[in-house]
Amino acid sequence: MTLRLYDTATGEVRDFVPLAAGKAGIYVCGLTVQSEPHVGHVRSAVNFDVLRRWLAATGSDVTFIRNITDIDDKILTKAADQGRPWYNLAYDMKRELDRAYADLNVLPPTYEPAATGHVPEMIELIELLISKGHAYAAEDGSGDVYFDVRSWPSYGELTHQGIDDMEAATDADPRGKRDPRDFALWKGWKSDSEPRTASWPAPWGRGRPGWHIECSAMAGKYLGEAFDIHGGGVDLRFPHHENEQAQSRAAGGAFASYWLHNAWITTSGEKMSKSLGNSLLVPEVLKRVRGIELRYYMVAAHYRSHVEFSFEALDDAASAFQRIERFVEQYPGVVGELPDAFVAAMDDDLGTPAAVAVIHTLVREGNAQPGAAAKLAGQVRAMLAVLGLDPADPAWAAGGSGKAETALAAAMELVMQQRAKARADKDWPTADAIRDALAAAGIDVEDTPDGARWSIQNGSV
RNA sequence: GGUGGGUUGGCCGAGAGGCGAGGCAACGGACUGCAAAUCCGUGUACACGGGUUCAAAUCCCGUACCCACCUCCA
């Protein structure tokens, strides 16, 4: 069986053939660290984390690079508004983002390069483009350098657009551009409005990198001039990815073999960045459901499908996941093989919805046939691990000192003994009163043939 | 204007010519002291209008509505 992926560049699902057998190089556009991450922001990371885990699970040696953009117009503007240094804002937001990733069990990438750490590499690349006649320094003395789209005949190939069909940007200041579609590789320092700390020396004068050049430079540095997969959100197809590819190919590299794009999570039919309110920030959402449940919600939908976010759907997803969790936790430590149906689903362009359906089917079988349950639980756990959803993964245990939990467990043992005694005496009012009181305190009690079991209610963590 | 995508049952969400993915919710039953959990059962959904076909949610034509991107939004 072979992994097949939908490639934006060709517009079809095709077999994944890595440049080097057994290896996979992936570059994913991370975020511009300019504000707190909301659930839409982290979808991309979760989706590509699944891709990465799947490749690793099927024997690939994966090099996974996800950048962060830590210098851009918005960061400068916001930091100025907030009266603090831009690098402080970027760093703060990066830490928020790291926390959100950790809360969702997104594996750290092989490396996470930041734009500001790769200015020399970008300058080198820009000089190469200038020497090849694909870029030019603006003649208006601004210090800007632009990519010359007319010099690159295949410009537009990634998004299947003809250059003359594109709307010329009406809002963009033409400055020293030869063509309005030319885009900035380097932006000259505006000494009257921008801090000097946000500029670096370059052959064209002090300035800072344009947006797209960082990814070309960093992908090239860590993955080579040709690599397997480039990923990001759909909105990045144009202009960002189109420009990246144009730059990198104009400089002489083959760049990415496959382009993968994840769809949006919207709210009220709108992209989340337009929505107001903090309720969709990852830490806020995690007050309602656990990270593993939020991750399940994302994984249960296909990465190329739009998801209309709603708390109702999120709660449903949490309920569905708890069903899986209750089953698998009865058989700790058992890990089995991946069922063929699961492998087939994942190989089909990461068909996580079908893969999740396989999980549910085995859970139902396991619940119905106690004799086969342990084996099935092992298979379920193996599948969950691939999706980053194994409840036993230590990644989910983060936070808490453990002291409180130990104390709680001891206290609960006492309470449960009391209730067991009441039940043995058929003192139902007392037994029910204890159960009701615990429920009100956020603890569920269930009676099973093997005795009572308690658990913290969903969302309380 | 160009490019890409969407419209599926109460809800979420797959599928892409032929036996109703899966989950949540609901209802009935089993189990339980009562619950919970679990199991069993119950649903004829594919925006609209035509067409092709033995057979269409799936293919074709047309219509409507929605969304994204078109130079620094994941």
- [ ] Compare side-chain N and O positions of A:T448 against OP1 and OP2 of B:rA36 and report whether any pair is under 4.0 Å apart.
- [x] no
Open item on the list: Taking B:rG51 as the reference, what is the distance to B:rA56 when you measure between their C1' atoms (whole Å, please)?
Closed with: 11 Å
Open item on the list: Using atom P in both nucleotides, what's the gap between B:rC60 and B:rG5 to the nearest angstrom?
Closed with: 13 Å
Open item on the list: Could you tell me how far B:rU58 sits from B:rA16 if I compare only their C1' atoms? Round to whole Å.
Closed with: 4 Å
- [ ] Would you mind reading off the distance between A:I265 atom CD1 and B:rC67 atom C1', rounded to a whole angstrom?
- [x] 15 Å
Using atom names, set out every protein N or O paired with an N or O of nucleotides 22-26 of chain B below 3.5 Å, distance rounded to 0.1 Å.
unit_1: B:rC24; atom_1: O2'; unit_2: A:D316; atom_2: OD1; d: 2.5

TODO: Consider only side-chain N and O atoms of A:T266 and A:E308, and report whether a donor and an acceptor are under 3.5 Å apart.
DONE: yes
Open item on the list: What's the gap between B:rG10 and B:rU44 when it is taken at their C1' atoms, as a whole Å value?
Closed with: 16 Å
Open item on the list: On the side chain of A:D432, is there an atom forming a donor-acceptor pair with the base of B:rG33 - under 3.5 Å, no angle test?
Closed with: yes
Task: Which nucleotides of RNA chain B pair, in dot-bracket form (Watson-Crick or G-U under 3.5 Å, | meaning another strand) - done: (((((((..(((.....[...))).(((((.......)))))....(((((..]....))))))))))))....
TODO: State, yes or no, whether a side-chain contact exists between A:L51 and A:L260 at a heavy-atom distance under 4.5 Å.
DONE: yes
Open item on the list: My understanding is that only one of A:Y27, A:Y222, A:F64 makes a ring-ring contact (aromatic ring centres under 6.0 Å, His included) with A:Y111; could you say which?
Closed with: A:Y222
Open item on the list: Here's a test for you: under ring-ring contact (aromatic ring centres under 6.0 Å, His included), which of A:F327, A:Y296, A:Y297 qualifies with A:F321?
Closed with: A:Y296
TODO: Have a look at A:R326 and say if it touches a base, only the backbone sugar-phosphate, or nothing, with a 4.0 Å heavy-atom cut-off.
DONE: sugar-phosphate
- [ ] In whole angstrom, give the distance that lies between atom CD of A:Q330 and atom P of B:rC39.
- [x] 11 Å
Open item on the list: Do A:W454 and A:L438 make a side-chain contact, defined as non-hydrogen atoms from C-beta onward lying under 4.5 Å apart?
Closed with: no
Open item on the list: Should the side chain of A:R435 and the base of B:rA35 be counted as holding a donor-acceptor pair, with the cut-off at 3.5 Å?
Closed with: yes
- [ ] For B:rA30 and B:rA36, measure between their P atoms and round to the nearest Å.
- [x] 14 Å
- [ ] Test for a donor-acceptor pair under 3.5 Å between the base of B:rC72 and the side chain of A:K74, counting only N and O atoms.
- [x] no
- [ ] Starting from the 5' end of RNA chain B, give me the residue, A:G11 or A:A263, whose nearest nucleotide shows up first.
- [x] A:G11
Open item on the list: Does A:H261 reach a base, just sugar-phosphate, or nothing at all? Heavy atoms under 4.0 Å.
Closed with: nothing
Task: Short side-chain N/O contact from A:N367 to OP1 or OP2 of B:rC39, under 4.0 Å - done: yes
Task: Separation of the P atoms in B:rC46 and B:rC11, to the nearest angstrom - done: 12 Å
- [ ] For B:rA14 versus B:rG6, give the span between their C1' atoms, rounded off to a whole number of Å.
- [x] 15 Å
- [ ] Indicate whether A:W264 forms a stack on B:rA74; treat it as stacked only if centroid distance is below 5.5 angstrom and interplanar angle below 30 degrees.
- [x] no
Task: Polar side-chain contact A:R237-B:rG4 base: donor and acceptor under 3.5 Å - done: no
Task: Rounded P spacing from B:rA57 to B:rU7 in Å - done: 15 Å
- [ ] Look at all strands and tell whether A:S310 reaches a base, only sugar-phosphate, or nothing, counting heavy atoms closer than 4.0 Å.
- [x] nothing
Task: Side-chain donor/acceptor contact of A:N243 with base of B:rU71 under 3.5 Å - done: yes
